[in-house]
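Reading through the C-alpha cells given below for one structure.
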Amino acid sequence: MLDLSAVRHSAAHIMAEAIQRLYPKAQFAYGPETEEGFFYDVKIPNHSLAKEDLPKIEKIMKEIVKGKHKFHHENITRDEALKLFAGQKYKVLTLTNQLDKESTVSVYRQGNFVDLCRGPHIEHTGQIKAFKVNRIAGSYWLGDSSNEPLQRIYGLCFDSKDELKNYIKRMEEARTRDHRLIGKQLKLFSWHDEGPGFPFMLPRGRTIFNLLVEYNRKKNDDRGYAEIHTPSMLVEELWRVSGHTDYYRENMYFSEVDDHQFVIKPMNCPGGILVYKEERRSYRELPMRVAEFGLVHRHELSGVLHGLFRVRAFTQDDAHIYCAMEDLENELVNIVDYTLEVYRDFGFNDYIIYIANRPKKAIGDPAVWEKATQTLRDALEVRGLDYKIKEGEGAFYGPKIEFNIKDCLGRLWQLGTVQLDFFLPSRFGMEYIGSDNQTHTPAMVHRAIFGSLERFIGILIEHTKGAFPVWISPVQAIILPITDDQNDYAQSVLKQLKLSGLRVETDTTSERLQKKIRNAQLQKIPYMLVCGEREANNNEIAVRLRTGEDLGSMKVKEFISNATNIIESKSKELWNKTLD
RNA sequence: GCCGGCGUAGCUCAGUGGUAGAGCAGCUGACUCGUAAUCAGCAGGCCGUCGGUUCAAUCCCGACCGCCGGCUCCA
C-alpha cells in the first residue's frame with residue numbers, strides 16, 4: 001500500500017509540472033497535501049487562472065501520470081539550489097529564509113520539473129490512481145495578507161477511483177445540509193443587502209433561538225448563575241480602560257451622540273464589570289456567576305462573512321465568573337463539565353478542544369499569561385480531555401479553551417469558549433473583602449457554551465439537516481384535514497394541542513392530502529396529523545411521522561401524551577413505542 | 001480587507017447586442033380527494049446599482065454593492 005500523503009504530495013508536483021508546461025513563467029510557492037488531496041500556490045505573471053484552465057491542467061497531469069516518470073531524489077548544496085531555482089523567486093526566498101542554515105537541501109525531479117522538497121514521494125507518476133483538479137482560490141505568500149496575493153489551485157486525490165467518487169458524492173450530499181439553504185427553505189432566517197452580515201431571524205428561527213435561551217437559562221439557574229442585561233452602547237472611556245480601543249478597535253462600531261463617542265459593545269464584559277463594582281463585594285458572595293444573553297456587534301471583514309457562522313451581530317450566551325484564586329480550578333472544571341453536557345444534549349459528540357495562548361498583541365505580563373494558560377490545561381487534564389494548542393490565538397486579555405465543531409463540509413467553527421482573565425479585574429480595580437478583612441482582586445472567567453446562539457443554530461441545522469428534535473422544532477405538528485368537511489374538526493384539534501403547549505398549525509388549503517403531506521414533509525415537521533371523516537367521528541387523528549412512518553389512528557389525547565413525553569425528555573426520537 | 005467566480009420574477013433556473021421566458025410559490029375558479037406535487041386561468045421583472053462603448057445594452061467594458069469559494073481574521 002502506498003503512503004497516501006506521499007501520493008498526494010506527488011500529485012501536487014505533477015500539477016506544478018502541468019502548470020509549468022502551460023505557463024513557463026509560473027512562479028511556485030508551496031504545494032502541500034491536504035485532508036482530501038493537495039494544493040499548490042502559484043503566481044502566473046500577467047495571467048490569472050480561471051475555472052476553464054482547470055481541465056487543461058488536469059489533462060496534462062493525466063499525460064504525466066500515464067508517462068510513469070520516475071521521481072528522482074537528490075541532495076544538493078544550498079548554492080547549487082540557489083542557482084537551480086534562480087528564476088523561482090519563492091523558492092529562492094525559502095532557501096534564503098527558512099532554509100538559511102542548511103548546507104544541503106533536498107530536491108525532487110520528475111520529467112522536466114524539479115522542486116525544492118523534503119519528500120517523501122512515490123516512485124513514479126503512474127502510481128497516482130485517482131485525482132481531480134477541483135477549484136481555485138486566493139492566498140498569500142506565507143499566508144500573510146500584507147504579502148503578495150497568490151492563486152491556490154486545489155486538487156482531490158485518493159487511493160482509488162471509487163474513493164474519489166465516494167468523496168465527491170459525500171460532498172454533494174453535504175452541500176444539501178448547508179444551513180444557509182435550509183434556513184431559507186424552512187424560513188428560519190434571512191438576509192438583506194441593507195445589513196450585510198446582520199441576520200434577520202424569522203418567526204421560526206426566532207422560536208429556536210428562544211428555546212435555546214430558555215434551555216440555557218434553566219441550566220444556568222440550576223448551577224447558581226444570576227442573569228443580568230447590560231446596554232448595547234457605552235461610552236468610549238470604558239473601552240479604553242478595558243483595552244478594547246487599543247486591542248480590538250478594528251472590530252468595533254462607534255456612534256457619536258451628544259458630542260460623546262460611544263462604542264457599540266463587541267463584548268459584554270466591561271458592562272458586567274460595572275455591575276460587579278456597584279457594591280462592595282464580600283468573599284461570601286464568591287464565586288459570583290453572572291450570565292448575560294448579550295447581543296454584540298463586531299465589524300468583521302466583508303470577505304469572512306458566512307451565513308450564521310460568521311456574522312457582524314450575534315448573541316452570546318455569555319457569563320462572567322468572579323472568584324477567589326483558590327476556587328478557580330473548581331470553577332473551570334465545572335464550566336468544562338457544563339459545556340460538554342450541553343453538547344451531549346444536542347448530540348454533538350465530535351468536537352475538538354483547543355487551548356489558545358498569548359497573542360502577539362496582548363495586555364499584561366507574559367508570566368501571568370503562562371500561569372493562566374497552565375490553569376486552563378489543568379482544568380482539561382483533570383477531566384482527561386485531549387486538546388491541541390493554538391499558538392497566539394487567545395483573547396487580548398487572556399488565554400482560552402475553545403470548543404470547535406465541524407460544519408457539513410468539515411470546516412471547524414468555535415462554539416464554546418472559556419477564557420481566564422487576570423487583567424481586566426485589576427485594570428478596573430475590582431475587589432472583594434476576604435475573610436481576612438483584607439482587600440483582594442478577584443479572578444475572572446469569561447465563558448460561553450453555545451458561543452453564539454446564531455452560530456450554534458447554524459451548526460444544529462447542519463447536524464440535523466433541519467429535521468430538529470421535536471422539542472426544538474419550530475412547528476411540531478401540522479393538522480391535515482382530508483377535505484374541507486374536516487376543517488372545523490381540525491380547528492378543534494388545533495385548540496386541544498395548543499392548550500397542551502404544542503406548536504401546531506393546520507393546513508386548510510383545498511389541496512389533496514398528498515400535497516399537504518409533501519409540503520409538511522419539506523418543512524420537516526415531525527408530526528403530520530391526518531383527519532378524515534373516520535377520525536372526526538371518533539375524536540381521533542391519524543399520525544404520520546416525518547420519517548414516513550404511519551402510526552395509524554389514535555385518540556387525540558393519546559397523541560398528546562406521547563408527543564409531550566418526547567418533548568419533555570428532549571428525545572431525539574419522534575415516538576415512544578414503549579408507551580403504546 | 002485580498003484573490004477568483006457569480007448576480008435574470010418570492011424561490012430554483014433557461015435565454016439573447018434589437019427593451020425577456022419555464023417550473024414551483026402567489027391570486028381566481030373548478031375539483032373534496034386517505035399518506036411526498038389535481039386541473040385551468042390570471043398576475044408577476046428598471047435582467048444588483050451607477051457610469052462607459054454602441055444607432056441600440058439584461059447581454060460588451062469599468063466602478064461600486066451583495067453573494068459564493070478560499071486566504072487572512074474570529075463566537
Side-chain angles (χ1 to χ4, degrees), chain A residues 39 41 43 48-53 134-154 178 180-181 184-185 187 190-197 248 250-251 266-267 296 298-318 356 359 390 393 395 400 402-404 409 411 413-417 419 446 448-456 458-459 480-487 510-522 528-535 542-546 548-553:
Chain A
F39 68 76
D41 280 350
K43 174 98 190 172
S48 80
L49 287 168
K51 249 194 225 128
E52 296 79 64
D53 295 315
N134 70 329
R135 61 178 187 208
I136 196 161
S139 68
Y140 300 100
W141 169 239
L142 298 180
D144 185 337
S145 61
S146 56
N147 285 337
E148 219 178 326
L150 305 170
Q151 284 195 293
R152 176 168 298 180
I153 302 115
Y154 283 92
D178 191 317
R180 293 166 299 186
L181 288 176
K184 191 182 273 188
Q185 286 159 357
K187 297 187 198 288
S190 62
W191 308 96
H192 296 272
D193 287 358
E194 288 83 350
Y248 208 70
E250 60 277 19
N251 284 307
M267 294 187 195
V296 296
R298 299 183 181 177
H299 181 72
E300 301 291 348
L301 295 176
S302 60
V304 307
L305 301 176
H306 188 101
L308 290 182
F309 288 159
R310 197 72 185 279
V311 293
R312 284 178 171 153
F314 59 98
T315 309
Q316 294 181 306
D317 60 324
D318 208 349
K390 276 195 183 177
E393 304 222 353
K400 60 186 188 184
E402 280 187 19
F403 296 89
N404 286 37
L409 293 178
R411 296 172 290 215
W413 298 94
Q414 178 184 330
L415 296 183
T417 177
Q419 309 176 354
H446 310 238
I449 291 174
F450 294 141
S452 139
L453 273 292
E454 289 78 0
R455 180 178 285 181
F456 192 85
I459 291 284
L480 309 177
I482 291 176
T483 74
D484 292 351
D485 292 339
Q486 285 87 45
N487 282 355
S510 61
E511 294 292 346
R512 303 161 72 173
L513 180 63
Q514 279 137 300
K515 181 63 173 291
K516 293 184 182 185
I517 286 179
R518 179 182 153 82
N519 287 342
Q521 205 66 54
L522 290 173
M528 284 154 248
L529 311 176
V530 176
C531 33
E533 206 182 337
R534 284 202 303 274
E535 286 77 13
V543 179
R544 177 194 160 105
L545 303 180
R546 174 173 65 195
E549 192 177 350
D550 183 355
L551 300 180
S553 294

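Residue numbers begin at 1 in each chain, while the letters A, B, ... track the order of the sequences.
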Exercise. Identify whether any heavy atom of A:A542 sits under 4.0 Å from a base atom; if not, whether one sits that close to sugar-phosphate; answer base, sugar-phosphate or nothing.
Key: base

Practice problem: Describe the nucleic acid contact of A:K390 in one word from base, sugar-phosphate, nothing, applying a heavy-atom distance below 4.0 Å. | Solution: nothing

Exercise. Would you indicate what A:E300 reaches in the nucleic acid, counting non-hydrogen atoms under 4.0 angstrom: base, sugar-phosphate, or nothing?
Key: base

Self-check item: Residue matched to B:G17 through Watson-Crick or wobble contacts both under 3.5 angstrom
Solution: none

Practice problem: Just call it for A:D193: base, sugar-phosphate, or nothing, with non-hydrogen atoms closer than 4.0 Å on any strand. | Solution: sugar-phosphate

Exercise. Look at the side chain of A:Y140 against the base of B:G1 and say whether a donor-acceptor pair falls under 3.5 Å; ignore hydrogens and angles.
Key: yes

Quiz item: Which is true for A:R455 with a 4.0 Å heavy-atom rule: it touches a base, it touches only sugar-phosphate, or it touches nothing?
Solution: base

Quiz item: Between A:E402 and A:G197, which has a closest nucleotide on RNA chain B that is more 5'?
Solution: A:G197

Quiz item: Across the strands shown, which category fits A:R180 at heavy-atom distances under 4.0 angstrom: base, sugar-phosphate, nothing?
Solution: sugar-phosphate

Quiz prompt | Phosphate contact (B:G34 OP1 or OP2) by A:K516 side-chain N/O below 4.0 Å | solution = no

Practice problem: Mind checking A:V311 for me? I need base, sugar-phosphate or nothing, with any heavy atom below 4.0 Å counting as a touch. | Solution: base

Practice problem: Please state whether the base of B:C73 and the side chain of A:R310 form at least one donor-acceptor pair under 3.5 Å? | Solution: yes

Practice problem: Could you check whether A:E535 gets within reach of a base, just the sugar-phosphate, or nothing at all, counting any heavy atom under 4.0 Å? | Solution: base

Quiz item: Would A:Y154 count as stacked on B:G70 if the rule is ring centres under 5.5 Å and plane angle under 30°?
Solution: no

Quiz item: Does the base of B:C2 carry an N or O that pairs as donor and acceptor with the side chain of A:S139 under 3.5 Å?
Solution: no

Quiz item: Just how far, in rounded Å, is P of B:C71 from CG of A:L301?
Solution: 14 Å

Practice problem: For nucleotides B:A56 and B:A14, find the distance between their P atoms and express it as a whole number of Å. | Solution: 30 Å

Quiz item: Within the pair A:H306 and B:G69, is there a side-chain N or O less than 4.0 Å away from OP1 or OP2?
Solution: yes

Quiz item: If only side-chain N and O atoms of A:Q414 are considered, is one of them under 4.0 Å from the OP1 or OP2 phosphate oxygen of B:A75?
Solution: yes

Practice problem: Using a 4.0 Å heavy-atom cut-off across all strands, classify A:L480 as base, sugar-phosphate, or nothing. | Solution: nothing

Quiz item: In terms of the nearest nucleotide of RNA chain B, which residue is placed more toward the 5' end: A:R152 or A:D485?
Solution: A:D485

Quiz item: Just to confirm, is there a sub-4.0 Å distance from OP1 or OP2 of B:C33 to any side-chain nitrogen or oxygen of A:K515?
Solution: no

Quiz item: With sugar-phosphate meaning primed atoms plus P, OP1 and OP2, does A:Q185 contact a base, only sugar-phosphate, or nothing at under 4.0 Å between heavy atoms?
Solution: nothing

Quiz prompt | Separation between the C1' atoms of B:C46 and B:U19, rounded to whole Å | solution = 11 Å

Quiz item: What's the CZ-P distance between A:R518 and B:G23, to the nearest Å?
Solution: 16 Å

Exercise. Please report, rounded to the nearest Å, how far the P atom of B:U72 is from the CZ atom of A:R411.
Key: 15 Å

Quiz item: At what distance, to the nearest 0.5 angstrom, does OH of A:Y154 lie from CG of A:D41?
Solution: 8.0 Å

Exercise. Report yes if at least one side-chain N or O of A:R544 is closer than 4.0 Å to OP1 or OP2 of B:A36; otherwise report no.
Key: yes

Quiz item: Taking the side chain as C-beta and beyond, is there a heavy-atom pair between A:Q414 and A:K400 under 4.5 Å?
Solution: yes

Exercise. Assign A:E250 to base, sugar-phosphate, or nothing according to its heavy-atom contacts below 4.0 angstrom with the strands shown.
Key: nothing

Exercise. Mind checking A:G143 for me? I need base, sugar-phosphate or nothing, with any heavy atom below 4.0 Å counting as a touch.
Key: sugar-phosphate

Self-check item: Under 3.5 Å on both distances, the Watson-Crick or G-U partner of B:C42
Solution: B:G26

